[in-house]
Amino acid sequence: MKILVAVKRVVDYNVKIRVKSDQTGVDTANVKMSMNPFDEIAVEEAVRIKEAGKASEVVVVSLGVAQCQETIRYALALGADRGILVQTDSELQPLAVAKLLKFVVDREHPDIVILGKQAIDDDSNQTGQMLAALLDWPQATFASKVELGDGEATVTREVDGGLETIKIKLPTVITTDLRLNEPRYAKLPNIMKAKKKPLEVIPVADTGVDFAPRLMTLKVTEPPQREAGIKVESVAQLLDKLRNEAKVI
Ligand code: AMP
């Protein structure tokens, strides 16, 4: 059993996002970049499946600039066996990512592809679903529990108002939700070992995939500033403001 995990390099979740002055996007110059947190959960799940003796290889794939190799190396330090970078400096939107992942799936023939449910930079929540559609494979999105059986998986999904448990046939696409697991930290010896693990770089032009953007960003703006609060003198004044100013009661 082979597991393919998609890992995206994004602005670190601790960084305060700044919008570029020309409103064309988010400023990424001199900003700390890390693995998308949901993808760390995806790597952790794949490594746990391998450690449980249910998978023989975990391959990680990232698509983007040369620096994505750092993201791949981190996944290798967490326990993945091998990495693939489909390299491009061009912008990749979810449909292009899904098509490029399909290219990798067609080469690697994994039994399971695990992705994050969403990337915290574009918040698209589209790639896993699009990949499953392109492959014509079943999908289990927002997974909070994965149990592997013989040629099938039982997946608990976080849905509005509760949990849904489904059984799907392999090969399949799974996307991770926050409660699936708690990713480990990479230990120094494993970071050193990861440097020697194989990492293949494929120029995007060699894939023959049309990755041209289909969506145009018109404008990116900061969220509106929160107005300062006020102190009221009495409950009566509070009720008056709620009733007549905020009009919420
Ligand atoms: P999105 O649909 O953009 O919210 O991304 C969902 C998931 O798709 C991410 O959590 C990643 O697992 C995967 N993904 C998206 N973009 C990339 C990328 N450039 N390289 C590798 N994986 C990606």
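The chain is numbered in sequence order, starting from 1. Basis for what follows: all heavy atoms, side chains included, without hydrogens, waters or symmetry-related copies. Atoms within each ligand, like the ligands themselves, are counted from 1 in listed order.
- Looking at ligand 1, you'll find an N or O of N36 within less than 3.5 Å of one of its N or O atoms.
- Heavy atoms of D39 found under 4.0 angstrom from ligand 1 belong exclusively to the side chain.
- Taking every non-hydrogen atom of V7 and a distance limit under 4.0 Å, the qualifying atoms of ligand 1 come out as 20 (N), 21 (C), 22 (N).
- Residue L92 places no N or O, backbone or side chain, under 3.5 Å from any N or O of ligand 1.
- At the top of the distance list for atom 6 (C) of ligand 1, counting protein heavy atoms only, stands G116 O, 3.5 Å.
- Counting heavy atoms closer than 4.0 Å to ligand 1, residue L101 contributes nothing at all.
- In terms of protein heavy-atom proximity, atom 16 (N) of ligand 1 is nearest to K8 CD, 3.3 Å.
- Here L115 has heavy atoms under 4.0 Å from ligand 1 in both its backbone and its side chain.
- A donor atom on one side chain and an acceptor atom on the other are not found under 3.5 Å apart for R9 and S62.
- Here the protein heavy atom with the shortest distance to atom 22 (N) of ligand 1 is A6 CB, 3.5 Å.
- The environment of K197 atom NZ is dense: over 12 non-hydrogen atoms of other residues, nucleotides or ligands sit within 6.0 angstrom.
- Nearest protein neighbour of atom 1 (P) of ligand 1, counting heavy atoms only, is T127 OG1, 3.4 Å.
- In V97, the part holding a heavy atom less than 4.0 Å from any atom of ligand 1 is the side chain.
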